[in-house]
Structures are given as C-alpha cells and as structure tokens.
Amino acid sequence: MKGMPYKPAAVWLLCLVVLSACNTGKVTVRKKHLYIQAAGRENKSWQLVWEDNFNSPALDTSKWTLIPPNNADWGRHMTNDPRCYKLDSGKLYLRGMVNPDTSKDHRPFLTAGIYSKGKFAFQYGMVEIRARLESARGAWPAIWMLAETDKYGAYPKNGEIDIMEHLNYDSIIYQTTHSWYTLELKQTNNPPHSGTAHFNPGEYNIFGIRWYPDKIVFYLNGKETFTYPYVPGADITQWPYDQPFYLLIDQQLGGSWVGKVQPETLPVQMIIDWVKVYQ
C-alpha cells in the first residue's frame with residue numbers, strides 16, 4: 001500500500017498462510033462442524049482432520065456429548081452417572097453396570113456412551129478407533145455412525161453405519177449398514193449389507209471404515225473385512241451415504257438382539273484408546 005514500507009518477510013508469511021489455506025481446502029471443505037471431503041480426493045493420501053486421544057482429565061465437551069437415555073433398545077439405560085465413565089491414563093472407560101440405587105432411577109442397569117452430534121460430522125474419509133471390549137451376558141458395545149441432518153427424512157431413511165458391534169462373549173464382530181432399503185424394503189442381500197469378522201476379545205483392536213462416494217469398506221486391524229457398494233439403478237433409498245455422519249461410541253446392555261442381561265456378569269467396560277478421522 002502507498003506510504004507503507006516494503007517488508008519481504010511479512011509478504012512471504014502472508015503468502016505462506018494463503019497457500020496453506022488453499023491446500024487445506026483441497027482436502028476438506030469445512031462448514032462449521034461439518035467436514036466435507038473435497039471432490040476428486042478419493043485416490044489421494046489420507047490426512048488427519050480430527051482426533052481425540054483422551055489425554056485430558058475430563059471429557060472434551062467441544063468434541064463429545066454424553067448420550068442421553070432414549071427409547072431404543074440400545075439407549076434405554078444410558079446415563080450421565082459418573083460411575084459409568086471415566087478418563088484415566090489416556091483411556092476413556094465406558095461402563096455397563098447394575099444400578100446400585102433404584103430409589104431415584106428405577107432402571108435396573110446403567111450404561112454410558114458418547115457422541116459427536118452437533119460438534120463433529122464428516123462426509124467421506126477414514127475413521128479408526130482403537131478400543132478393547134470386555135464381555136458379559138447381555139453386553140452390546142458399539143461404534144457406529146448416524147446422519148447429522150435429516151436430508152432424506154426420519155430414520156431409517158438417512159441410513160446407519162455400524163463400524164463395530166459385539167454381542168455377549170462372541171469372538172466375532174458385526175459390521176453393518178442399515179437404511180430404508182435394507183430395513184423397510186428388505187433388500188439385505190442385494191447387495192449384502194452386513195459382514196462379520198473374527199477378533200481377539202479382551203485385546204485392543206482397531207475398528208474402522210473407509211468411506212467413499214461409491215462404497216463403504218469396513219476394516220479390522222487394518223485388514224479389509226467387508227464392503228457395501230453403491231448400486232447404480234437401485235432404489236434411491238439404497239444409498240443415503242452422501243451426507244455428513246457423526247460418531248457414536250457406547251457400551252450398551254440388553255435388547256432384542258443381544259438378549260437378556262445377567263447381572264452377575266457385570267460390570268462390563270469398553271475402553272477407548274483413541275479416535276482418528278482422515279480425509
């Protein structure tokens with residue numbers, strides 16, 4: 001500008017900032033808390049865009065909210081009771097337990113979970129969660145995803161992505177997609193919407209997906225286990241996976257799928273080491 005001295009260092013720094021912003025934009029277009037992968041990035045190298053290593057003494061509420069109770073099978077025992085969750089030595093512990101005092105809360109069991117709804121959601125990319133699952137009769141730990149907005153209407157029209165579900169003492173996990181297409185139109189095998197993978201219960205495992213505009217690839221410890229593809233020409237409800245989804249991580253108890261809870265096998269925990277999202 002006229003009347004201002006020329007400062008090469010300042011100009012160089014300004015250019016560096018502008019270039020950095022432009023390069024970031026080529027990876028992700030960020031709209032508030034929504035991370036939208038830019039078009040044409042499908043075959044590029046992954047870049048970390050969001051993570052939590054749980055190294056803080058308290059839950060990072062800029063990233064997560066404790067899941068409130070709801071009427072679904074998986075959510076009816078959810079609570080913010082501090083006995084059901086803690087952070088310790090870089091780990092998040094989510095516990096399912098017998099309710100020790102039913103005089104104020106009449107539910108027989110208490111469970112804990114976190115979700116990133118309203119704080120972080122992403123469209124396309126890779127998510128990995130390192131966690132250890134404990135086992136009990138009626139235990140149902142899950143790592144999954146739901147749509148941030150109602151683009152197509154009420155559930156299940158916006159779809160669901162189950163990165164990992166574990167039942168009781170099984171040595172397998174379930175990895176699944178749900179949608180109007182699979183649940184209401186009963187198109188569970190056209191294409192197959194679910195797979196299983198053997199794992200080592202009680203040890204730390206890395207559960208994840210790689211989500212593209214035309215497929216969702218499920219992983220366990222870095223190995224591909226199952227793929228759910230977009231099917232051209234299928235009913236439009238087959239692929240609601242073209243919008244931002246948020247993360248849910250919860251230690252559930254009981255329900256029509258997992259069966260009854262045996263109180264004597266509790267408490268049970270899911271221990272999360274870290275969560276990482278790449279685009």
Side-chain angles (χ1 to χ4, degrees), residues 51-56 58-60 63-70 72-99 107 109-117 127-146 160-176 196-209 218-221 225 246-255 257-259 261-263 265-277:
E51 67 176 327
D52 197 343
N53 293 294
F54 302 106
N55 289 322
S56 300
L59 187 69
D60 187 343
K63 296 179 178 179
W64 305 103
T65 301
L66 289 169
I67 299 175
N70 57 72
D73 257 3
W74 65 270
R76 57 186 174 177
H77 302 303
M78 288 290 152
T79 182
N80 61 1
D81 190 315
R83 289 171 292 192
C84 287
Y85 70 96
K86 70 173 181 177
L87 286 99
D88 184 45
S89 303
K91 305 287 192 300
L92 171 66
Y93 294 77
L94 299 175
R95 174 176 289 187
M97 60 183 288
V98 174
N99 185 355
R107 297 176 297 174
F109 308 110
L110 299 176
T111 60
I114 57 173
Y115 62 18
S116 66
K117 184 178 182 179
V127 57
E128 292 186 325
I129 300 95
R130 186 174 187 264
R132 180 164 69 87
L133 313 179
E134 295 181 354
S135 297
R137 184 62 60 189
W140 180 14
I143 300 171
W144 52 305
M145 298 166 60
L146 288 173
E160 173 182 332
I161 303 170
D162 295 328
I163 299 171
M164 181 284 300
E165 293 179 281
H166 179 247
L167 304 180
N168 300 308
Y169 295 91
D170 287 355
S171 59
I172 61 171
I173 60 167
Y174 297 84
Q175 299 174 304
T176 312
T196 60
H198 287 271
F199 83 122
N200 295 319
E203 296 183 3
Y204 280 97
N205 293 271
I206 299 176
F207 310 98
I209 62 166
F218 293 79
Y219 285 82
L220 174 63
N221 296 321
T225 54
Y246 64 91
L247 291 164
L248 304 94
I249 305 174
D250 40 60
Q251 174 60 67
Q252 306 162 179
L253 284 177
W257 186 30
V258 66
V261 181
Q262 289 185 356
T265 65
L266 301 179
V268 65
Q269 298 180 127
M270 175 163 54
I271 306 165
I272 301 93
D273 188 8
W274 46 253
V275 180
K276 298 180 181 182
V277 179

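All heavy atoms count here, side chains included; hydrogens, waters and symmetry mates do not. Since the structure is predicted, the reported quantities are computational estimates derived from the model, not experimental observations.
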Enquirer: Taking all non-hydrogen atoms of both residues into account, name the closest pair between M97 and L253 and its distance.
Expert: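 Nearest pair, atom of M97 first, then L253: N-CD1, 3.8 Å.
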Enquirer: Report the residue from L66, T111, L110 that forms a side chain to side chain contact (heavy atoms under 4.5 Å, CB included) with M78.
Expert: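 Answer after filtering L66, T111, L110: T111.
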Enquirer: Taking the side chain as C-beta and beyond, is there a heavy-atom pair between E134 and P267 under 4.5 Å?
Expert: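 No. Closest side-chain heavy atoms not under 4.5 Å.
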Enquirer: Could you tell me which non-hydrogen atom of A136 sits nearest to which non-hydrogen atom of L266, and how far apart they are?
Expert: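 Distance-wise, the nearest heavy atoms are CB-CD2, 4.0 Å.
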Enquirer: Where does the angle between the aromatic ring planes of W64 and F54 fall among parallel (under 30°), tilted (30 to 60°) and perpendicular (over 60°)?
Expert: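 Judged by the thresholds at 30° and 60°, the geometry between W64 and F54 is parallel.
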Enquirer: Compile the donor-acceptor pairs under 3.5 Å between side chains in residues 199-207 and protein atoms, sequence neighbours left out, one pair per line.
Expert:
unit_1 : atom_1 : unit_2 : atom_2 : d
N200   : ND2    : E203   : OE1    : 3.4
N205   : OD1    : N221   : ND2    : 2.9
N205   : ND2    : N200   : O      : 3.3
N205   : ND2    : E203   : O      : 2.9

Enquirer: Please check this pair: side chain of N168 against backbone of V258, looking for a donor-acceptor N/O pair closer than 3.5 Å.
Expert: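 Answer holds: yes.
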Enquirer: Counting neighbours of NZ on K117 that are heavy atoms of other residues, nucleotides or ligands and sit closer than 6.0 Å, is the number greater than 12?
Expert: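 Atom NZ in K117 is not crowded, with 12 or fewer foreign heavy atoms closer than 6.0 Å.
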Enquirer: Out of curiosity, L92 CG to I114 CD1, how far, rounded to the nearest 0.5 Å?
Expert: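 CD1 of I114 is found 5.0 Å from CG of L92.
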Enquirer: Please give me the minimum heavy-atom distance between R76 and G254, naming the atom from each residue.
Expert: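 What the structure gives for the nearest pair is NH2-C, 4.4 Å.
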Enquirer: CD1 of I172 to CG of L220: how many Å apart, nearest 0.5 Å?
Expert: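 Atom-to-atom, I172:CD1 and L220:CG are 12.0 Å apart.
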Enquirer: Grab the two heavy atoms, one from T79 and one from C84, that are nearest each other, plus how far apart they are.
Expert: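 Heavy-atom minimum between the residues: CG2-SG, 3.8 Å.
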Enquirer: Please step through side-chain contact (heavy atoms from CB on, under 4.5 Å) for the pair I272 and I129, ending with a clear verdict.
Expert: CA-CA 7 Å; I272 301 93; I129 300 95; 4.0 Å; yes
Enquirer: So which atom in Q251 and which in G96 form the shortest heavy-atom distance, rounded to 0.1 Å?
Expert: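 It is CG-N, 3.7 Å.
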Enquirer: For a 4.5 angstrom cut-off between non-hydrogen side-chain atoms, does Y174 reach D162?
Expert: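 Heavy-atom side-chain distance check fails, nothing below 4.5 Å.
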Enquirer: Working to the nearest 0.5 Å, report the span between CD1 of I249 and CG of L247.
Expert: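 Here the interatomic distance stands at 6.0 Å.
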Enquirer: Answer whether the closest heavy-atom distance between the side chains of D73 and W140 falls below 4.5 Å.
Expert: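 D73 vs W140: side chains touch.
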Enquirer: Give, for atom CG of D170 and atom CD of E165, the distance between the pair rounded to the nearest 0.5 Å.
Expert: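 One finds 11.5 Å between CG of D170 and CD of E165.
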Enquirer: Quick check: do L133 and M164 have side-chain heavy atoms less than 4.5 Å from each other?
Expert: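 Yes, side chains in contact.
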Enquirer: Identify, with sequence neighbours excluded, every residue that meets side chain to side chain donor-acceptor pair (under 3.5 Å) alongside E128.
Expert: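 Side chain to side chain donor-acceptor pair (under 3.5 Å) check on E128 returns nothing, list empty.
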Enquirer: Keeping the roles fixed (side chain from D250, backbone from Q252), state whether a donor-acceptor pair exists under 3.5 Å.
Expert: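 No, the answer is negative, given that no donor and acceptor are paired below the 3.5 Å cut-off.
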Enquirer: Run the numbers on W74 and I67 for side-chain contact (heavy atoms from CB on, under 4.5 Å), then give the verdict.
Expert: CA-CA 11 Å; W74 65 270; I67 299 175; 3.9 Å; yes
Enquirer: Work out which heavy atom in M270 is nearest to a heavy atom in P141; give both atom names and the distance.
Expert: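 Nearest heavy atoms, M270 then P141: SD-CB, 3.9 Å.
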Enquirer: Any sub-3.5 Å donor-acceptor pair from S116's side-chain atoms to Y246's backbone N or O?
Expert: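 Side chain of S116 to backbone of Y246: no pair is present.
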Enquirer: Please identify each residue that fulfils salt bridge (Lys or Arg N to Asp or Glu O under 4.0 Å) with R83, with sequence neighbours left out.
Expert: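 For R83 the salt bridge (Lys or Arg N to Asp or Glu O under 4.0 Å) partners, ignoring immediate neighbours, are D81.
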Enquirer: With sequence neighbours left out, what residues match R130 under salt bridge (Lys or Arg N to Asp or Glu O under 4.0 Å)?
Expert: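 Residues passing salt bridge (Lys or Arg N to Asp or Glu O under 4.0 Å) with R130: D273.
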Enquirer: Report yes if the side chains of I143 and V127 come closer than 4.5 Å at any heavy-atom pair, otherwise no.
Expert: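 Of all side-chain heavy-atom pairs linking V127 with I143, none is under 4.5 Å.
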Enquirer: First locate atom CZ of R95, then atom CD of Q269, and finally report the distance between them rounded to the nearest 0.5 Å.
Expert: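 If we round to the nearest 0.5 Å, R95:CZ and Q269:CD are 4.5 Å apart.
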Enquirer: As a quick check of understanding, evaluate side-chain contact (heavy atoms from CB on, under 4.5 Å) for N99 and F109, giving each step before the final call.
Expert: CA-CA 5 Å; N99 185 355; F109 308 110; 5.9 Å; no
Enquirer: Residues two or more places apart in sequence or in another chain: which of them pass ring-ring contact (aromatic ring centres under 6.0 Å, His included) with W274?
Expert: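 Not a single residue meets the ring-ring contact (aromatic ring centres under 6.0 Å, His included) criterion with W274.
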Enquirer: Could you go step by step and tell me if K86 and K91 meet the side-chain contact (heavy atoms from CB on, under 4.5 Å) rule?
Expert: CA-CA 8 Å; K86 70 173 181 177; K91 305 287 192 300; over 6 Å; no
Enquirer: In Å, rounded to the nearest 0.5 Å, how long is the span from OG1 of T225 to CZ of F218?
Expert: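 Separation between the atoms: 7.5 Å.
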Enquirer: Considering residues at least two apart in sequence or located in another chain, which fulfil the side chain to side chain donor-acceptor pair (under 3.5 Å) criterion with Q262?
Expert: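 For Q262 there are no side chain to side chain donor-acceptor pair (under 3.5 Å) partners, ignoring immediate neighbours.
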